[in-house]
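Notes follow the structure.
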Amino acid sequence: MKKFNIRKVLDGLTAVSSPSSSPQTGAKENDFIIPETLQSEHFQLCKTVRHGFPYQPSSMAFDPVQKILAIGTQSGALRLFGRPGVECYCQHESGAAVIQLQFLINEGALVSALADDSIHLWNLRQKRPAVLHSLKFNRERITFCHLPFQSKWLYVGTERGNIHIVNVESFTLSGYTIMWNKAIELSSKAHPGPVVHISDNPMDEGKLIIGFESGIVVLWDLKSKKADYRYTYDEAIHSVAWHHEGKQFICSHSDGTLTIWNIKSPAKPAQTITPHGKQPKDGKKPEPCKPILKVEYKTTRAGDPYMILSGGLSYDTVGRRPCLTVMHGKSTAVLEMDYPIVDFLTLCETPYPNDFQEPYAVVVLLEKDLVVIDLAQNGYPIFENPYPLTIHESPVTCCEYVADCPVDLIPALYSVGSRQKRQGYSKKVHISYTFVFIHCQKKGKKYFRHFSFLMLQVLYKLKTAKVFEKTRSKEEKPNTEIVDEDPFAIQLMSWCPDSRMLCVAGVSAHVIIYRFSKQEITTEVLLEVRLQYELNDLESPEGGGYQTPAPPTPSTSPSPQTSGPQTHHSTSSNSSDGIRDNVPCLKVRNSPLKQSPGYQVELVVQLVWVSGEPPQQISSLAINSSYGLVVFGNTNGLAVVDYLQKTVLLNLSTVELYGSNDPYQRQPRSPRKSRQPSGGETPGSATSEDRCKSPTSVLNGCFTSFCFLPTVLLSVCPPRAALPLDNRDNSFSRSRSSSVTSIDKEAREAITSFYFCETYTRKTDSTLTPALWVGTSLGTVLSISLSMPPAGEQRLLQPVIVSPSGTLVRLKGSILRMAFLDATGSFLPPPSELWYEPNAPANGEERERVRKRRPVSVSPSTSQELNEHQYAVVCSEKQAKVIALPSQTCIFKHNITETSFVLRTDVVQTVPGICVACFCANGHIMTLSYFSLVAPV
């Protein structure tokens, strides 16, 4: 590691990095001498894991000896699954759909047939599977392939009805071709249709069964090169399956029937079955049903054979879900599936087709799922899927990746997650990795997953919808919902791995705070903090401008520690004309909530309707366990909530955060008279210091009332600079259109990011103090000072004092990420608290254990010789800046992109050093050195 002068090096790297980065004028040359360790060779982009269900699956195969499952897709992709934890992805170069897969059983090879009439031989015995041989058919379309067990001959059926034989070892045509006109009756002139099935007799591999689409089945003798028997049925054939003794076979037809044939009796089928057809009393033929697309015939030593089929339902079952039918003896079980069936395979104890198969499970490939059915248990329950494909249950709405987790975190998540498994599922899998990936879905589900080499595994699942009451029908759906789709969908989340505190924000303008516990509890009531507005209507400018609101007259505001249960409940205050007011979008359950070990609800915060106007969706969220605070913001402003005391500390509009230093000089707009005004700072109202001193005092021109309810209703009123009702969007969306005027942009300034830290809030500060940095959509970074009471008992008794401190820096574009380093270049994470069991008994060791707080890194004594003690990096959609603290001097600036914009950015701790990683809308990934903001990659 060598030290060098950043400014001199940047002069030589200006041409390399584009757009360029530059130190700012006024920064002294000798002030910023830091170790630079990142180089271009430290970065290499490579795929490590592909997670999720294969998109548009089209075929499936299974090696019963090596236990490998292969799935092909319509885009030419191959997914290989071994034991849990072993997974591989391959891709055909042509991108044509995979129509069929055939394993060379126990040989580590796979044959794939594609829709472009090509077949490929894959070698699976190497680290990265690759194609060994390929063969292209130019004159005929491939419809079916068959590779007998332990055979070197691959039979390829075509659309013209011909069968070609390929030598698997050399992957060349053998010259032996079975022509369709030789296979059928010589007297028949009609074409039998494409080949839909080929299979060899289990007892004689020299005999082939060939099934044609028209209903003709031929038993072909390979040695004599002629047909031994021909079987004709008046319905089209979809599939054929052998009995293991080789004396019978079964066919599935397009009218929903199954025909069982004796090979030496071609005149008529030995038995005809219509599994789902209604049997008429007069003995006539059953009513036709839907086609049976596939049938498998598996035998057992101890009992009746299994006939497993897909399709074949009667036509009067309109709206019924796709089904798999299992016929065993006299019992017939119909298993409904959530998605259409693509293919299914029966797993047997032996790979030899001439022995009793002894089936034990059925693998069903659906359009969006993979199901494994247990045939050994009554009722045919399903196994837990060892492959984590559940990401497609509903659209993913947000995801987070956390590295270097505490050593006890993943075992704790697995411990509580394993209890969520139902009976009949697979055994536990040992977990020993430290990377956690969290993703949320539209249905309000949250999944915790861990990385293990080539796959992700589900650790724990959390459903946020359990907190709210569900409507049973569309008629019961409340008219307060602000989204047409799932109202429980998760938009944002903030997670503290050290304390295991979790906070999520939903599309219905609600925030849920969870605390991790290993014990089961039943929540009777939760303390509610309700924020109400008691202000007079503002008059329009024509009527004399804004009037000073009358001071509120709070009723009772006891401290949360001394207040007793009250009978006050959440009720909507609708006016006579039907305007919805003071009503949340969702209704929280008022019955006792049984919470299993894992993440348990600590607090629910909901934004409410105000004078018929719906709440704005939440655009930013952060939680800090060391301070016990949650902060969230939207297009109107931000709110700070103390989840320990369950009080609202601050509720300000974006304009009020600037105070008198608003750089945009926005003029207040005149809201409708029916609207409740923002409790903005007006002449005669309480000052900012007074508002922030106590949660029980006047807050932002409003008062708080305390009661025991299972929710927190928090109303963030529209700021005075908000857009008129008819022009406002219901959700925050960044508009980059040149047609948007500067006035609209200013009025739409939303809170986009937060960062809790211990830093220097003002230029004159000499000590670190708790603070909250706030980023907005107009590129402004503001600071809010936090005065924390002493830890322990005093933290629950004394209020937290919150006061805005003004603007720190401005950038181009919306603020996305903020982070801090000390004077030596070490990363400074937000302060956090170590986890403790919240539901431990009063006399237990957990109660006696003092809650520990993770200390904040302090620069060594050598840093005191420097002029600056901290560095902050702020990244927006367009720029990144390095700010020296406490002087608040911008020492480096980098224009990330001019033609695009950054979608997401983060600070990444790598082995060589710390960098800023940016993902742009044009698909580019860029990494910047943390201090110099030079792009190594």
Side-chain angles (χ1 to χ4, degrees), residues 57-72 81 100-103 105-106 110 144-149 196-202 209 211 238-246 248-252 258 260 273 275 292-312 322-329 331-337 340-366 369-383 385-387 424 426:
S58 56
S59 59
M60 178 174 57
F62 181 71
D63 187 330
V65 178
Q66 296 185 353
K67 310 294 185 183
I68 300 176
L69 179 70
I71 297 177
F81 301 95
Q100 196 171 355
L101 295 172
Q102 289 279 317
F103 271 104
I105 296 177
N106 199 28
L110 175 70
F144 195 87
C145 294
H146 172 64
L147 180 64
F149 179 50
V196 296
H197 181 83
I198 307 172
S199 61
D200 60 306
N201 190 315
I209 275 286
H238 286 274
S239 67
V240 182
W242 278 101
H243 189 279
H244 84 278
E245 294 178 349
Q248 285 185 335
F249 63 88
I250 184 172
C251 301
S252 67
L258 299 173
I260 301 177
I273 306 172
I292 297 178
L293 302 178
K294 184 176 182 180
V295 62
E296 290 200 348
Y297 198 17
K298 303 298 179 181
T299 56
T300 60
R301 297 181 185 274
D304 297 318
Y306 284 87
M307 285 189 289
I308 305 170
L309 55 104
S310 62
C323 296
L324 185 80
T325 304
V326 180
M327 303 174 65
H328 184 219
S331 66
T332 300
V334 180
L335 310 177
E336 290 189 346
M337 303 294 163
I341 298 175
V342 177
D343 196 4
F344 72 89
L345 294 171
T346 305
L347 307 186
C348 302
E349 297 290 348
T350 176
Y352 296 95
N354 57 357
D355 195 4
F356 288 96
Q357 275 80 52
E358 302 293 344
Y360 61 89
V362 180
V363 181
V364 186
L365 178 63
L366 308 177
D369 201 359
L370 184 70
V371 178
V372 182
I373 301 170
D374 187 359
L375 296 177
Q377 296 188 26
N378 295 330
Y380 305 123
I382 63 172
F383 289 100
N385 192 343
Y387 309 108
S426 60

Hey, could you give me the [atom1]/[atom2] distance between [X] and [Y], rounded to the nearest 0.5 Å?
X: L335; Y: F344; atom1: CG; atom2: CZ; result: 11.0 Å
X: I382; Y: D374; atom1: CD1; atom2: CG; result: 10.5 Å
X: I273; Y: I260; atom1: CD1; atom2: CD1; result: 4.0 Å
X: S252; Y: L293; atom1: OG; atom2: CG; result: 7.5 Å
X: M337; Y: D369; atom1: CE; atom2: CG; result: 9.5 Å
X: K298; Y: Y360; atom1: NZ; atom2: OH; result: 11.5 Å

Practice item. Using salt bridge (Lys or Arg N to Asp or Glu O under 4.0 Å) as the criterion, list what pairs up with D304, not counting sequence neighbours. Key: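 D304 satisfies salt bridge (Lys or Arg N to Asp or Glu O under 4.0 Å) with no other residue.
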Check your understanding: With sequence neighbours left out, what residues match D343 under salt bridge (Lys or Arg N to Asp or Glu O under 4.0 Å)?
Key ->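 Salt bridge (Lys or Arg N to Asp or Glu O under 4.0 Å) list for D343, sorted by chain: K294.
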Check your understanding: Relative to the ring of H328, is the ring of Y306 parallel (under 30°), tilted (30 to 60°) or perpendicular (over 60°)?
Key ->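 Y306 vs H328 ring planes: parallel.
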How would you list, by chain and number, every residue that makes a ring pair (Phe, Tyr, Trp, His ring centres under 6.0 Å) with [X], sequence neighbours excluded?
X: Y352; result: F149
X: F62; result: none
X: H244; result: F356
X: H238; result: none

Check your understanding: Are V362 and V326 close enough, and set up right, to give a side chain to side chain contact (heavy atoms under 4.5 Å, CB included), and what steps lead you there?
Key -> CA-CA 10 Å; V362 180; V326 180; 5.5 Å; no
Do [X] and [Y] come within less than 4.5 Å of each other through their side chains, counting heavy atoms only?
X: L375; Y: I308; result: yes
X: T346; Y: Q357; result: no
X: F103; Y: Q66; result: no
X: P275; Y: L309; result: yes
X: T300; Y: P359; result: yes
X: F81; Y: I71; result: yes
X: T299; Y: E245; result: no
X: L365; Y: L370; result: yes

If every non-hydrogen atom of [X] is compared with every non-hydrogen atom of [Y], which pair is closest and at what distance?
X: A61; Y: L69; answer: O-CD1, 3.4 Å
X: D200; Y: H146; answer: OD1-NE2, 2.8 Å
X: G312; Y: I292; answer: CA-CG1, 3.6 Å
X: Q248; Y: W242; answer: O-CE3, 3.3 Å

Review point. Which one of V363, L101, V342 satisfies the side-chain contact (heavy atoms from CB on, under 4.5 Å) criterion with M60?
Key: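 The residue from V363, L101, V342 that satisfies side-chain contact (heavy atoms from CB on, under 4.5 Å) with M60 turns out to be V363.
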For the pair [X] (side chain) and [Y] (backbone), establish whether a donor and an acceptor sit closer than 3.5 Å, ignoring hydrogens and angles.
X: D63; Y: I68; answer: no
X: Q100; Y: C145; answer: yes
X: E358; Y: R301; answer: yes

Review point. Run the side chain to side chain contact (heavy atoms under 4.5 Å, CB included) check on L345 and E296 step by step: do they pass?
Key: CA-CA 8 Å; L345 294 171; E296 290 200 348; 4.2 Å; yes
